[in-house]
Amino acid sequence: HAEVRFANNSTNPIEFGLAQSLFDLIQLKSRKRMGRARFEAARVHATTILRGSPDDPTALATLGDAALELGDVRAAAGAYQTLALVADSAAAQVRLGHLAFIQGKTADAVTASRAAVALATNEAAGGSALAWFQYQLGDTLIATGDRPGAADAYAAALAADPSSHLARWGLARVAAAEGRTDEAIH
């Protein structure tokens with residue numbers, strides 16, 4: 001790493017800072033490539049499983065997640081739609097909601113996020129699991145401009161899991177969006 005040797009030999013703080021920034025950038029790019037390789041490997045693994053078990057819900061979810069992370073929205077949509085057909089669940093609906101939001105279909109995103117919470121409740125999810133689905137609903141609602149609905153969802157998440165940092169962060173996000181900065185900070 002030439003930039004590290006350069007930084008170690010430099011007495012100029014600006015040169016040192018530039019070299020450190022370059023080194024940080026190289027590390028970031030490396031981690032990004034590793035992440036991409038892991039998603040690619042996950043996609044290959046899920047595809048292999050689906051050849052033998054085309055209705056495997058875990059493989060369908062993994063394929064959709066990996067495809068989405070790799071930017072293949074069409075493949076993610078196909079995997080998530082199949083997942084919802086073979087094993088409709090809170091996990092399937094939250095994925096469909098996220099996908100709909102990415103595609104700009106905000107009404108569909110809200111509908112799927114609400115369905116995910118209802119299914120999580122029916123699946124007897126409780127505590128942190130239910131709180132996570134409520135938090136996801138809150139994020140969808142605040143992103144689509146429904147601050148009161150988001151506040152309700154985040155409050156429900158906090159009720160399900162009083163230690164949920166995500167729920168607290170969501171409530172702070174609503175407070176900040178409403179100009180209540182002191183409340184958001186505390």
Side-chain angles (χ1 to χ4, degrees), residues 28 31-32 34-36 38-39 42-43 46 56-73 75-77 79-186:
L28 179 66
R31 283 193 297 270
K32 187 175 179 182
M34 277 185 67
R36 182 168 177 77
R38 288 184 182 141
F39 287 118
R43 179 165 51 181
D56 184 292
T58 302
L60 287 165
T62 301
L63 176 60
D65 294 349
L68 195 56
E69 290 295 330
L70 293 168
D72 190 346
V73 175
Y80 292 159
Q81 288 164 356
T82 303
L83 173 63
L85 289 174
V86 300
D88 197 21
S89 63
Q93 288 300 314
V94 80
R95 284 174 166 88
L96 286 170
H98 183 66
L99 177 66
F101 186 81
I102 288 171
Q103 294 173 318
K105 301 174 184 175
T106 56
D108 292 347
V110 170
T111 299
S113 295
R114 289 189 190 284
V117 169
L119 285 165
T121 302
N122 291 343
E123 294 165 8
S128 62
L130 180 57
W132 186 83
F133 288 105
Q134 289 282 9
Y135 169 79
Q136 294 298 320
L137 172 59
D139 262 11
T140 301
L141 292 171
I142 198 165
T144 58
D146 183 357
R147 287 194 303 252
D152 290 345
Y154 293 138
L158 195 58
D161 179 7
S163 66
S164 172
H165 68 281
L166 293 173
R168 291 180 195 284
W169 182 83
L171 288 168
R173 188 174 171 196
V174 171
E178 293 177 346
R180 297 179 282 123
T181 53
D182 285 345
E183 183 182 334
I185 293 169
H186 301 289

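The basis for the numbers below is simple: all heavy atoms, side chains too, and nothing from hydrogens, waters or symmetry mates.
Taking Y80 as the reference, nothing meets the ring pair (Phe, Tyr, Trp, His ring centres under 6.0 Å) condition, with sequence neighbours excluded.
The shortest non-hydrogen separation linking A120 to L130 is CB-CD1, 4.0 Å. Taking each heavy atom of A84 and L96 in turn, the nearest pair found is CB-CD1, 3.7 Å. Of all heavy-atom pairs spanning L141 and A153, the tightest one is CD1-CB, 4.4 Å. A87 and A92 get closest at one heavy-atom pair: O-CB, 4.0 Å. Of all heavy-atom pairs spanning A59 and A46, the tightest one is O-CB, 3.4 Å. Nearest heavy-atom pair across A67 and A76 is CB-N, 3.7 Å.
A distance of 10.5 Å separates OG1 of T62 from CZ of F39, quoted to the nearest 0.5 Å. In this structure, NE2 in H98 is found 8.5 Å from CD in Q136, a value given to the nearest 0.5 Å. With values rounded to the nearest 0.5 angstrom, L158 atom CG is found 13.0 Å from Y135 atom OH. Rounding to the nearest 0.5 Å places CG of L83 at 10.5 Å from CG of L63. Distance check: I142 CD1 to L171 CG gives 9.5 Å after rounding to the nearest 0.5 Å.
Listed by first then second residue, pairs satisfying side chain to side chain donor-acceptor pair (under 3.5 Å) with a partner in residues 150-169 read D139-Y154, D161-S163, not counting sequence neighbours. The side chain to side chain donor-acceptor pair (under 3.5 Å) pairs that include a residue from residues 107-127 are S113-T140, where partners are two or more places apart or lie in different chains.
Under the 4.5 Å side-chain criterion, counting only non-hydrogen atoms from C-beta, R95 is not in contact with L68. Within the 4.5 Å cutoff, the side chain of K105 has no heavy atoms near those of the L99 side chain.
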